[in-house]
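No hydrogens, no waters, no symmetry mates; every other heavy atom, side chains included, goes into these values. The chains referred to below are lettered A, B, ... by the order of the sequence lines, with proteins before strands, and numbering in each begins at 1.
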Amino acid sequence: MTEAGNTRTRRLIEAVAATIIEHTGELTELDSAIGDGDHGQNMKRGMTAILDDLDAIAAKPLPEALKAAGTQLVMKVGGASGPLYGTLFMALGKEIAPDPTRDDLTHAFAAAIEAVKVRGKSDAGQKTMLDVLVPVCEALRNGGSAREIDEAAEKARDATRDMQAQKGRASFLRERSIGHIDPGARSSQLMIAAVIDVLGEGA
Amino acid sequence: MTEAGNTRTRRLIEAVAATIIEHTGELTELDSAIGDGDHGQNMKRGMTAILDDLDAIAAKPLPEALKAAGTQLVMKVGGASGPLYGTLFMALGKEIAPDPTRDDLTHAFAAAIEAVKVRGKSDAGQKTMLDVLVPVCEALRNGGSAREIDEAAEKARDATRDMQAQKGRASFLRERSIGHIDPGARSSQLMIAAVIDVLGEGA
Amino acid sequence: MKKLINSVDTVLSDSLAGFCAAHADILTPGGDFKFVRRRELKPGKVALISGGGSGHEPLHAGLVGRGMLDAACPGQIFTSPTPDQMLAAAEAVDTGAGVLLIVKNYEGDVMNFDMASEMSSGSVASVITNDDVAVEDSLYTTGRRGVAGTLVVEKIVGAAAEEGGDLASLKALGERVNGATRSMGVALTSCTVPAAGKPMFEIGDDEMEMGVGIHGEPGRRRVKLASADKIAEEMIAAIVNDFGERPKGDVLLFVNGFGATPAMELYLMYDSAARELQKHGIRIARSLVGSYVTSLDMAGCSLTVTFLDEEMLRLWDAPVHTAALRWGC
Amino acid sequence: MKKLINSVDTVLSDSLAGFCAAHADILTPGGDFKFVRRRELKPGKVALISGGGSGHEPLHAGLVGRGMLDAACPGQIFTSPTPDQMLAAAEAVDTGAGVLLIVKNYEGDVMNFDMASEMSSGSVASVITNDDVAVEDSLYTTGRRGVAGTLVVEKIVGAAAEEGGDLASLKALGERVNGATRSMGVALTSCTVPAAGKPMFEIGDDEMEMGVGIHGEPGRRRVKLASADKIAEEMIAAIVNDFGERPKGDVLLFVNGFGATPAMELYLMYDSAARELQKHGIRIARSLVGSYVTSLDMAGCSLTVTFLDEEMLRLWDAPVHTAALRWGC
Ligand SMILES: Nc1ncnc2c1ncn2[C@@H]1O[C@H](COP(=O)(O)OP(=O)(O)O)[C@@H](O)[C@H]1O
Ligand SMILES: Nc1ncnc2c1ncn2[C@@H]1O[C@H](COP(=O)(O)OP(=O)(O)O)[C@@H](O)[C@H]1O
Ligand SMILES: [Mg+2]
Ligand SMILES: [Mg+2]
Ligand SMILES: [Mg+2]
Ligand SMILES: [Mg+2]
């Protein structure tokens with residue numbers, strides 16, 4: 001792979017990890033309100049594991065790097081978010097081209113989201129990370145600018161506030177889950193914002 | 001026994017029981033500070049048992065009435081105060097004359113205090129009920145008036161505040177026991193005040 | 001946060017080290033605490049493995065030993081363990097007769113155990129427990145949670161495995177026990193996850209949460225603190241109604257403390273619950289009272305009722321020797 | 001006050017009713033809960049009776065059964081039982097070989113048991129336990145308190161009684177075990193006596209009480225909350241120093257929760273305490289971790305160390321079947 005690709009992968013990973021680690025407390029707070037208060041620590045643990053392995057991961061071609069990152073998440077995070085984000089990254093890696101066009105990316109992202117739905121037996125509209133991932137994929141497909149995608153993610157994240165959870169621990173609360181942003185929606189939006197930030201730089 | 005004696009015994013018991021039951025909360029507070037927070041309930045339970053048996057007890061001659069009351073305390077109170085107050089009343093009953101003079105009373109009270117010391121392996125100066133009982137007996141022996149005895153009891157009760165406990169649970173606290181009135185000193189003083197009140201009426 | 005710990009990051013490993021040392025006669029840790037396993041395996045026996053987030057001690061590691069689990073995988077606090085833990089445990093305790101996973105019905109647990117099953121080369125089956133009647137089993141939820149009833153499944157299936165039951169029959173038995181089991185919980189206080197450092201929820205001095213799970217999540221309803229009798233009445237009614245047609249047999253009544261509930265209160269709840277069962281015409285055959293399936297330092301309890309058929313009763317009584325449950329040996 | 005109760009006045013009787021019902025296979029109440037006794041007595045065996053204030057459950061009623069106590073007298077909460085309870089219990093379980101009273105060293109307990117002994121017509125001896133090193137045994141105190149070490153005395157003497165030991169030898173053994181036993185406790189929170197309705201003492205979020213007993217009394221010193229390792233270091237040092245010349249044998253390390261302490265923390269404390277013992281060159285032969293000698297809903301724990309000679313070790317391992325301790329049968 002190219003030197004540039006290696007650097008980009010590294011910068012992507014670092015940016016995603018940094019934003020998650022920085023927001024550990026907030027993610028935990030959100031999960032305390034309607035879950036079990038571990039989402040921040042879970043994601044931080046996963047990101048730390050990826051950072052620990054950064055040299056090896058960033059040296060790989062993009063597809064392999066994504067698969068490796070996904071494997072770290074599966075093996076280090078646990079909980080619901082571990083298998084789900086792990087699946088997302090592993091499936092992305094499986095579907096993506098080594099140097100993807102926007103179309104490639106859209107296709108791979110859509111496929112990865114399908115894999116998450118299968119793993120989670122879930123769909124958009126149930127107050128989960130999918131409620132951010134699906135609209136973001138839509139915006140990507142519709143040719144939205146970096147800024148528009150960013151905004152779509154934020155809007156989608158905020159929209160989970162009024163939803164009643166039908167999947168994840170928050171669903172145990174039924175109507176009491178309304179009024180809080182879903183922690184997984186927030187972590188998805190954070191990661192997407194970081195990715196856009198890095199890709200935006202290069203654009 | 002005389003009708004009058006019967007009435008007096010009844011009035012004495014009722015007055016003693018009433019003041020203890022009324023002060024249950026305060027005795028518990030005092031015991032929470034340097035003991036285990038049960039002195040109020042303990043004494044209330046004992047007094048309630050005596051009241052439940054009031055007709056039978058008050059019908060007895062004074063010595064028998066006191067023994068019966070003491071037995072109730074031993075069998076119903078438990079803790080340290082049960083055996084100690086039980087012993088006090090039983091010994092009083094054993095030593096007292098059916099219609100006691102002041103001298104008789106002084107003698108019996110002194111003997112009863114000795115019995116408490118033996119049971120408790122304790123003496124005055126250790127921050128216990130004895131620090132009220134002993135000075136009261138002294139005042140009685142020295143011919144103090146009802147009012148003087150009353151005041152001696154109050155002064156003795158307050159004096160336990162600055163003492164370091166050497167007996168009872170409060171002794172576990174060592175110097176931390178200083179600064180609190182001993183719960184048993186307070187209950188003794190309450191009972192003495194009630195007795196003086198009733199006897200004063202008749203005098 | 002007031003806890004007997006050294007640091008937030010080492011709570012789990014310090015506690016597991018103490019646990020494994022205190023019970024070194026019957027169990028041993030594997031792979032840097034990836035799992036805790038029975039010291040002596042029984043060759044040819046189906047291996048029983050469970051696991052889940054930590055913070056529920058003694059569940060599951062305290063149920064490893066003769067007559068119950070062969071291994072338990074402790075996840076981070078309130079976080080399901082990862083597939084590599086389960087794979088490592090399976091490799092360590094599978095003596096050839098296959099592995100039965102006993103999984104509480106939480107998406108995290110189910111997905112991680114699913115991934116482990118998919119990755120495993122051995123023969124693996126699983127039983128999902130979902131005894132919590134506080135959660136509706138409908139299209140609009142992820143289904144009922146697995147709570148204290150999981151212990152009952154582990155005990156009975158564990159005894160059958162010890163007797164030589166094969167993988168398919170153990171799975172069927174586990175599902176039968178789960179089907180005969182219902183639980184419901186009440187919390188008087190929240191619990192504090194060490195990493196969060198403060199209680200998961202605020203609750204008034206005169207309030208309680210009815211229908212809580214075991215992860216410090218709020219329950220179904222917040223209500224005024226009620227008497228033990230009233231609480232038991234509501235919980236037993238919910239449990240009994242949920243059964244619909246009652247299974248055969250008398251019941252096991254299991255009163256489970258959540259971690260900060262004194263024995264005095266648990267036995268008092270047992271008394272209330274037993275009287276409620278009697279009102280419903282249900283007879284108690286066996287009893288278990290104690291803090292077995294906990295939620296860190298939460299105050300409160302759950303009630304679990306299992307209808308025991310003859311086989312289940314016999315297997316419940318069979319010898320067991322684990323850190324938390326022991327009888328008959 | 002948040003408790004699972006019906007009313008302040010019925011806490012004790014409701015809880016005892018539940019306890020006796022849940023363990024009806026091994027025990028039965030006597031005389032309106034004056035005592036709880038072993039269901040099957042062993043004729044010719046010295047009867048072991050203990051008792052004390054309630055609020056320490058499972059001590060003592062939870063230790064009634066084969067290989068331990070024949071009867072336990074539960075007093076009101078934190079209040080020693082009364083002589084009539086003890087007399088009634090002795091009458092019920094004395095099969096002719098005499099009665100050994102095991103009494104924690106509190107003036108209330110000692111005086112009430114003394115009165116009972118004086119009133120009794122049978123042959124009665126007693127062992128006073130006083131294992132708490134936090135209290136100085138001097139002229140200026142009532143002497144050391146009996147705390148969690150009492151369980152160790154009851155277990156070992158109970159096993160010897162089961163083997164047929166006579167009254168004098170059991171008393172001597174009890175005193176030997178007590179002499180080989182030391183404990184110390186730490187509280188993170190106060191406890192709430194139901195009748196008082198509020199905590200016995202206020203304590204800051206970053207404070208703990210070192211050297212507490214089991215009655216919610218303040219301890220010897222209030223200090224800043226420290227790490228588990230530091231707490232264990234201080235407690236083990238106090239215990240080890242107190243022994244002076246060390247008795248022979250390896251030790252039992254008993255980590256006891258006070259009622260609101262989760263198993264996770266108790267095992268973590270076990271880990272810390274075990275490492276401290278190792279530093280002092282003391283080897284652990286047996287371990288016990290759990291909430292056995294409690295102080296209502298207090299958070300915290302005590303550490304108990306008993307040097308086990310060969311006989312004591314054998315008797316510790318002997319079969320026991322009570323509500324709270326069970327092994328070997
Ligand atoms: N079945 C599911 N499908 C999609 N996302 C889910 C599902 N279950 C949970 N999630 C997401 O996972 C997040 C919770 O992750 P986390 O707190 O790390 O795990 P856990 O719920 O096991 O404690 C939720 O906020 C939600 O976005
Ligand atoms: N050895 C003793 N001699 C005299 N009085 C004592 C002795 N021990 C305790 N007391 C008295 O008993 C009181 C405590 O009674 P109570 O709280 O009912 O019993 P307990 O201490 O067993 O909880 C103390 O305040 C003290 O006055
Ligand atoms: Mg979570
Ligand atoms: Mg007291
Ligand atoms: Mg979780
Ligand atoms: Mg007391």
What part of [X] is in contact with chain D, defined as an atom under 4.5 angstrom from a non-hydrogen atom: side chain, backbone, both or neither?
| X | result |
| --- | --- |
| Ala299(C) | neither |
| Ser272(C) | side chain |
| Thr294(C) | neither |

Ranked by heavy-atom pairs below 4.5 Å to chain C, first place among Ala324(D), Ser15(D), Ser54(D) goes to Ser15(D)

Assert top hit (heavy-atom pairs under 4.5 Å, partner chain C, pool Ala263(D), Ala17(D), Gly328(D)) equals Gly328(D)

Can you see which heavy atom on [X] is nearest to which on [Y], and at what distance?
| X | Y | value |
| --- | --- | --- |
| Ala22(D) | Ser287(C) | O-CB, 3.7 Å |
| Asn6(D) | Arg275(C) | ND2-NH2, 4.2 Å |
| Ala21(D) | Tyr270(C) | CB-CE2, 3.9 Å |

Under 4.5 Å from any heavy atom of chain C - which part of [X]:
| X | answer |
| --- | --- |
| Leu225(D) | side chain |
| Ile77(D) | side chain |
| Ser13(D) | neither |
| Val255(D) | neither |
| Ala274(D) | neither |

Looking at side-chain heavy atoms only, is the closest gap between Leu12(C) and Met264(D) below 4.5 Å? yes

Value rounded to 0.5 Å, distance of NZ in Lys3(D) from OG1 in Thr261(C): 10.5 Å

Would you compute the distance between atom CG of Leu268(D) and atom CG of Leu16(C) and round it to the nearest 0.5 angstrom? 9.5 Å

Report the option among [options] that has the most heavy-atom pairs separated by less than 4.5 Å from atoms of chain D.
| options | value |
| --- | --- |
| Ile284(C), Asp205(C), Thr189(C), Asp297(C) | Asp205(C) |
| Met208(C), Glu57(C), His56(C) | Glu57(C) |
| Met298(C), His321(C), Met269(C) | Met269(C) |
| Ser291(C), Ser227(C), Gly257(C) | Ser227(C) |

Mark yes or no for whether Lys2(C), through its side chain, and Gly204(D), through its backbone, hold a donor-acceptor pair below 3.5 Å. yes

Looking at Leu296(D), Leu4(D), Val11(D), which hits side-chain contact (heavy atoms from CB on, under 4.5 Å) with Glu265(C)? Leu4(D)

Tyr267(C) versus His23(D), side-chain donor and acceptor atoms under 3.5 Å: yes

